[in-house]
Asker: 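Structure provided below as structure tokens; questions to follow.
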2 protein chains.
Amino acid sequence: MKIPLYRQIQASLKEKITSGVYEEGGLLPSENELCAEFNATRMTVRQALNELVREGYITRQHGKGSTVSASRKSLGLLSLKGWTEVVVASDRHGKTLVLEGPIVKKLEDSAFKPLIDEESHEEFIFFKRLRLVEDSPVMYEHTYIPNENLPNFIKEPLLEGSLFRTLLIKYQIDVQSMTQEVRAVAADKETASLLKIKSKSPVLHLLRKYKTSIDGFFLYSSIYCNTEKFAISSFN
Amino acid sequence: MKIPLYRQIQASLKEKITSGVYEEGGLLPSENELCAEFNATRMTVRQALNELVREGYITRQHGKGSTVSASRKSLGLLSLKGWTEVVVASDRHGKTLVLEGPIVKKLEDSAFKPLIDEESHEEFIFFKRLRLVEDSPVMYEHTYIPNENLPNFIKEPLLEGSLFRTLLIKYQIDVQSMTQEVRAVAADKETASLLKIKSKSPVLHLLRKYKTSIDGFFLYSSIYCNTEKFAISSFN
DNA sequence: TAATACAACTTGTATAGACAACAGAATAAT
DNA sequence: ATTATTCTGTTGTCTATACAAGTTGTATTA
């Protein structure tokens, strides 16, 4: 299974960005320097960099360089980045409470059906998580991960509390893109109480399917989001 | 002011897609054929095609070709999912009712402030539009366009009812990308009655800023969206 | 007939090089 | 001192080529 060079460069840079080797707001090495580092041509390096732009990790400026994405006022959660990176990058104080899991179960949530194509995996690793910004709950998330090729996943804690980073570092699984459906719904009892809002308040509902570097390995998330204080932002 | 070749190819293909020269679901000419047509190399053509992918006009498949995506022209940069198949199959595209405008006014909607940088234009052309799919109202939209370099815009009707198409054909202004903030809110009286839902029902609120091929020329939209039947889907 | 192999197409990845356009710093001219 | 110019390093655009790999239809073979 051969991984294209530009994907390797992309994953390597992403690792260095999320681990802090390249600081937020700082400049990445120039294209020519990256060419030397990875023994690639500029076109190949540029393809990796453009992917990182698409995923929201960097911005680029003509004549200047590639800047590691700076914080935004609203949480850039329509972009690819996982919760931990976004909150850290926006220098707000974010916490994640694991309410349930990880446990192994089947994906019985019927809401996902339109996103899943044909034969799906039998078993998934399941999480229920509540995410807070500055001690107020903002998102309530159900996550399903195929229970394949993830030895010891359930036993060991997440690296720095980040699912995406754990997958990248420990299992070399790079989350690369996402599709989602967005709706406004009235919060049900459970969601409302967890998000500390009134029942039937409007909440954002996101149904997500993440594509990874492993063929056929998709993550699924159902997210309820309180947007009173924080908006979800996206760029394109 | 020189326009890069790949942007010209991009705009040309976009024009042919939105005008129906290339049909929905059909294949675009192959890269090599486009190379011949535009006197460009494959890398240049591919850059144009990749931009169209990013904008959602086409999808590409290894070994096969570039397929024109459905449901782009009638609903701008929004793709609707859920009943889309029905809409496409019945060949009844969404309708748009202009409730108010175009008129010239200032941008007084304070909600836009976080999206606008520095000195903004004094005067904008303003629209209130209601969008329907299969005769049920789905979106209520306020649009602001800088009142600059748009001679006769207010006097003349939109080409085929499409704002983006009018800007592209009559004024060579190509809408290329967008940033937005997304919230779930309770519908106010006006919105609820227009969307034919109960007051205070949850609706999606989108605050958008569109970037165009003209430097400093941005469009702004505030959109309320009924997601009971249709979800907003996004790719990345 | 059904399966296999092949051929001709497509897009994907990658190299090597060239010049243009932009940003910022250093230098020269006023 | 201030302004203009030049220089250097950066990203943006584009050419020309090559091979890999996926898709599809056709021909061959068992």
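Residue numbers start from 1 in every chain, and the chains themselves are labelled A, B, ... in the order their sequence lines are given, proteins ahead of strands.
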Asker: Report the distance from atom CD of Glu33(A) to atom C1' of dT8(D), rounded to the nearest whole Å.
Answerer: 14 Å

Asker: Just one of Phe164(B), Phe218(B), Tyr220(B) clears the ring-ring contact (aromatic ring centres under 6.0 Å, His included) bar with Tyr210(B), so which one?
Answerer: Phe164(B)

Asker: Rounded to the nearest Å, what distance is computed from the CG atom of residue Asn32(B) to the P atom of nucleotide dA16(D)?
Answerer: 14 Å

Asker: Find the distance between CD1 (Ile9(B)) and CG (Leu5(B)) and round it off to the nearest 0.5 Å.
Answerer: 4.0 Å

Asker: So, Ser222(B) and His205(B): side-chain donor and acceptor under 3.5 Å apart, yes or no?
Answerer: yes

Asker: How is Ser30(A) classified with respect to the nucleic acid when contacts are heavy atoms under 4.0 Å: base, sugar-phosphate, or nothing?
Answerer: sugar-phosphate

Asker: Does the Lys NZ or Arg CZ of Lys105(B) fall within the cation-pi geometry relative to Phe126(B) - under 6.0 Å from the ring centre and within 45° of the axis?
Answerer: yes

Asker: With a 4.0 Å cut-off on heavy atoms, is Asn39(A) in touch with a base, just the backbone sugar-phosphate, or nothing at all?
Answerer: sugar-phosphate

Asker: Round to the nearest Å and state the distance from Glu31(B) atom CD to dA16(D) atom C1'.
Answerer: 15 Å

Asker: Side chain of His62(B): nearest nucleotide among dG22(D), dA14(C), dC14(D)?
Answerer: dG22(D)

Asker: Atom CD1 of Ile3(B) and atom C1' of dC14(D): how far apart are they, to the nearest Å?
Answerer: 17 Å

Asker: Nearest whole Å is fine: how far is dT13(C) P from Met43(A) CE?
Answerer: 12 Å

Asker: Going by distance alone, is a donor N or O of one side chain under 3.5 Å from an acceptor N or O of the other, for Ser69(B) and Thr59(B)?
Answerer: no

Asker: May I ask you to say what Leu49(B) touches in the nucleic acid, namely base, sugar-phosphate or nothing, with a heavy-atom cut-off under 4.0 Å?
Answerer: nothing

Asker: Can you figure out which of dC14(D), dT11(D), dA14(C) approaches the side chain of Leu5(B) most closely?
Answerer: dC14(D)

Asker: When you check the phosphate oxygens OP1 and OP2 of dG24(C), does a side-chain N or O of Lys64(A) lie under 4.0 Å from one of them?
Answerer: yes

Asker: Closest to the Thr44(B) side chain: dC19(D), dT11(D), dC14(D)?
Answerer: dC14(D)

Asker: Take atom CZ of Arg46(B) and atom C1' of dC14(D), then tell me their distance rounded to the nearest Å.
Answerer: 15 Å

Asker: What's the CZ-C1' distance between Phe38(B) and dC14(D), to the nearest Å?
Answerer: 16 Å

Asker: More 5' along DNA chain C: Gln61(A) or Gln8(A), using each one's nearest nucleotide?
Answerer: Gln8(A)

Asker: In whole angstrom, give the distance that lies between atom CZ of Arg42(A) and atom C1' of dC19(C).
Answerer: 11 Å

